[in-house]
Structures are given as C-alpha cells and as structure tokens.
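Whatever order the structure lists ligands and atoms in, that order sets their numbers, starting from 1.
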Amino acid sequence: MILTSGLQKVFCAGLDITEFYNPNPDRLSKFWTTLQDTWLSLYTTSFPTVSVINGHSPAGGCLFAMSCDYRVMVGPNYTIGLNETKLGIVAPKWFQDTMVAVIGQRKAEVSLTTGKMYTTDEALQIGLIDESLPDANSALKKGTQFLNNFQKISPWAYKMTKDISRQPTVQWLIDNKQKDLDFVIKYMQSPTVQKNLELYLQSLKK
Ligand SMILES: CCCCC/C=C\C/C=C\CC/C=C/CC(=O)SCCNC(=O)CCNC(=O)[C@H](O)C(C)(C)COP(=O)(O)OP(=O)(O)OC[C@H]1O[C@@H](n2cnc3c(N)ncnc32)[C@H](O)[C@@H]1OP(=O)(O)O
C-alpha cells in the first residue's frame, strides 16, 4: 500500500487545527477517537506500506509517514517533522514513540522539543526518511520497488515481525485510549493552548 498526495506541494498538512480551536468537546472526542483508530489500523496493517512524501509533511502528516514501513521523499524543497511545540501544543506519547522507533531517542527528543521541520536532505541524514528522489514519478517508482521485495517474503513472517517490533507503542495506546482522549479534551480547552493556536492560525493566513 502506498500513501501519497494528489496535491502539488503538500503530502499532508497535519491535523486540521481548526478542530482544536474553540472545540466542541463531543466533536473533538469523535475526531480524536477516529485519529487513534486510523493510526492503529495503519501502524498494524498486514499490508507492507510505503509513504511517497511528495510535499510538505508537518505534524500529523509526519506521523502518518513515519507509520509506514518505508519513506521515500521528493527533494530538496519540502519539509517534514513533528512541529507541535511550534504551535504551543504537545505531541502525544504515541506520536513521540513512533518517532523514537524511526530515529532513536536522542534525535527524537531534540526534534520534538524544538519542533524542527527537516528539509529532505536533513531528514535523510537523521534517518527520518529512507530515500530522497528528485521528482514524484521516480519516488513512486522507488516506493513500488520497495513493495516488490515482499513478493518473496511470507505474509505471516512479515506481519509477525512487524507486530513484535511495534507492539509496545500499539499496546500503550490500546491500554490508554481513554486517558489519551481525556487529556486532549482537557488540554485543548486551556486558555493558554487556545491563545497559542489562535496565534498560529493567524500566522498561516496570507
Ligand atoms: C495521557 C497523556 C496524553 C498526552 C496527550 C497530549 C497532548 C495532545 C494534544 C494535542 C495534540 C494535537 C496534535 C496535533 C498534530 C497536528 O497535526 S497539528 C497541525 C500541524 N500542521 C501545521 O503546522 C501545518 C501548517 N501549515 C503549513 O505549514 C502550510 O500550510 C503548508 C502545509 C506548508 C503548505 O503551505 P501552503 O503555502 O501551500 O499552504 P497555505 O499556507 O496556503 O494553506 C492554505 C490554507 O490552509 C490553512 N492551513 C494549512 N494547514 C492547516 C492545518 N493543518 N489546519 C488548519 N488549517 C490549515 C492555512 O491557514 C490556509 O488558510 P486560508 O488562508 O484561509 O486559505
């Protein structure tokens, strides 16, 4: 399965920030539960997955890219990273653990606390992506080549290996879904967070 974008320069702009701004708790609860379930499905899917990152990929976009088995990114002009601290919010534990699984504890901590958005070259250097390609067509071709490896791998062996590797992060979320949701609902209603989101949304307007 390949995750890519039909847009010209955005792979995924992350979660819709307007869902967090002046939120209706019931709506936010459905939104966040859907996100949790979608992520669990993607991270544990029995299909081999590749993200062909053909545009910018901040926050939730980076999470979805990191949740695939392999990342091929079009360079050099796009950026990727978990930039939540730049919005004055916090990447939840399962976002953070997904990043740790990809680039390791130390690099993830620096990346997360600074909210750094990496260029394609920088992302390749820290291991956030696996390959950089100059255009979308060659990136798609590379992604397809990666998937072809699995024609020679037992689907059972593939899935068991992935489950063992990803189990701690997956199990944490399964065990803490309600706690994670309650925290998001509470945290998002704090006046400080709302002010930070307001300022960030304003900064995006042209
Ligand atoms: C028990 C313990 C529990 C612990 C839990 C703790 C905390 C959990 C709490 C919360 C976690 C919340 C996590 C959120 C993750 C996210 O994904 S937040 C989203 C982050 N995304 C961004 O920062 C991207 C912002 N966008 C951009 O940088 C640029 O738009 C772009 C993607 C680089 C593209 O640039 P481009 O110039 O092409 O686009 P425009 O700027 O013209 O954008 C068009 C239009 O869209 C608006 N917009 C862009 N992105 C978003 C977005 N993500 N949400 C909402 N709106 C967005 C932009 O404002 C423009 O609007 P317009 O001018 O009105 O058309």
Checklist entry - What part of Ile89 sits under 4.0 Å from ligand 1 if we count only heavy atoms: the side chain, the backbone, both or neither? => result side chain
Next on the checklist: Any protein heavy atom at under 4.0 Å, with atom 10 (C) of ligand 1 as the reference point?
Outcome noted: yes
Checklist entry - Looking only at heavy atoms, is any part of Glu84 under 4.0 Å from ligand 1, and if so is it the side chain, the backbone, or both, or is it neither? => result side chain
Item to check | Flag: protein heavy atom within less than 4.0 Å of atom 30 (O) of ligand 1 | outcome: no
Next on the checklist: Exactly one of Leu124, Thr119, Thr120 should register a side chain to side chain contact (heavy atoms under 4.5 Å, CB included) with Glu122. Which one does?
Outcome noted: Thr119
Item to check | Protein non-hydrogen atom found under 4.0 Å from atom 65 (O) of ligand 1 | outcome: no
Next on the checklist: Under 4.0 Å from atom 14 (C) of ligand 1, can you find at least one protein heavy atom?
Outcome noted: yes
Item to check | Reported CG-to-NZ distance for the pair Asn77 and Lys9, which is rounded to 0.5 angstrom | outcome: 10.5 Å
Item to check | Nitrogen or oxygen atoms of Ala13 and ligand 1 under 3.5 Å apart | outcome: yes
Item to check | Lys NZ or Arg CZ of Lys116 over Tyr118 ring: under 6.0 Å, within 45° | outcome: yes
Checklist entry - Does atom 43 (O) of ligand 1 have a protein non-hydrogen atom under 4.0 Å from it? => result no
Checklist entry - Taking the six-membered ring for Trp, are Trp94 and Trp39 parallel (under 30°), tilted (30 to 60°) or perpendicular (over 60°)? => result tilted
Next on the checklist: Checking contacts here: is it the side chain or the backbone of Asp16 that comes within 4.0 Å of ligand 1, counting heavy atoms only? Could be both or neither.
Outcome noted: both
Checklist entry - Would a 4.0 Å cut-off, counted as strictly less than, catch a protein heavy atom around atom 46 (O) of ligand 1? => result no
Item to check | Options Gln8, Lys9, His56, ranked by nearest heavy atom to atom 38 (O) of ligand 1, top entry | outcome: Lys9
Next on the checklist: So Ile17 and Leu87, do their side chains get closer than 4.5 Å, heavy atoms only?
Outcome noted: yes
Checklist outcome for this item: Short version for Asn83: what comes under 4.0 Å of ligand 1, heavy atoms counted, is side chain
Checklist entry - Backbone or side chain, does any N or O of Lys179 fall under 3.5 Å from an N or O of ligand 1? => result no
Checklist entry - Hey, is ligand 1 close enough to Val90 that some N/O pair sits below 3.5 Å? => result no
Checklist entry - Less than 4.0 Å between atom 24 (C) of ligand 1 and some protein heavy atom, yes or no? => result yes
Next on the checklist: Heavy-atom count check: over 12 atoms from other residues, nucleotides or ligands less than 6.0 Å from Gln167 CD?
Outcome noted: yes
Next on the checklist: Side chain or backbone, does Val10 bring an N or O within less than 3.5 Å of an N or O on ligand 1?
Outcome noted: no
Next on the checklist: So is Tyr78 touching ligand 1 or not, going by heavy atoms under 4.0 Å?
Outcome noted: no
Checklist entry - Would you say the side chain of Ser67 lies within less than 4.5 Å of the side chain of Thr98, judging by non-hydrogen atoms? => result yes
Item to check | Residue that, paired with Cys68, satisfies side chain to side chain contact (heavy atoms under 4.5 Å, CB included) out of Ile53, Val50, Leu3 | outcome: Leu3
Checklist entry - Between Lys93 and ligand 1, does any nitrogen or oxygen pair lie at a separation below 3.5 Å? => result no
Checklist entry - Any idea how Phe183 and Tyr187 line up, ring-wise: parallel (<30°), tilted (30 to 60°), or perpendicular (>60°)? => result parallel
Next on the checklist: Once you restrict to heavy atoms under 4.0 Å, what part of Trp172 touches ligand 1? Side chain, backbone, both or neither.
Outcome noted: neither
Next on the checklist: I'd like to know if atom 62 (P) of ligand 1 has any protein heavy atom within a distance of less than 4.0 Å.
Outcome noted: yes
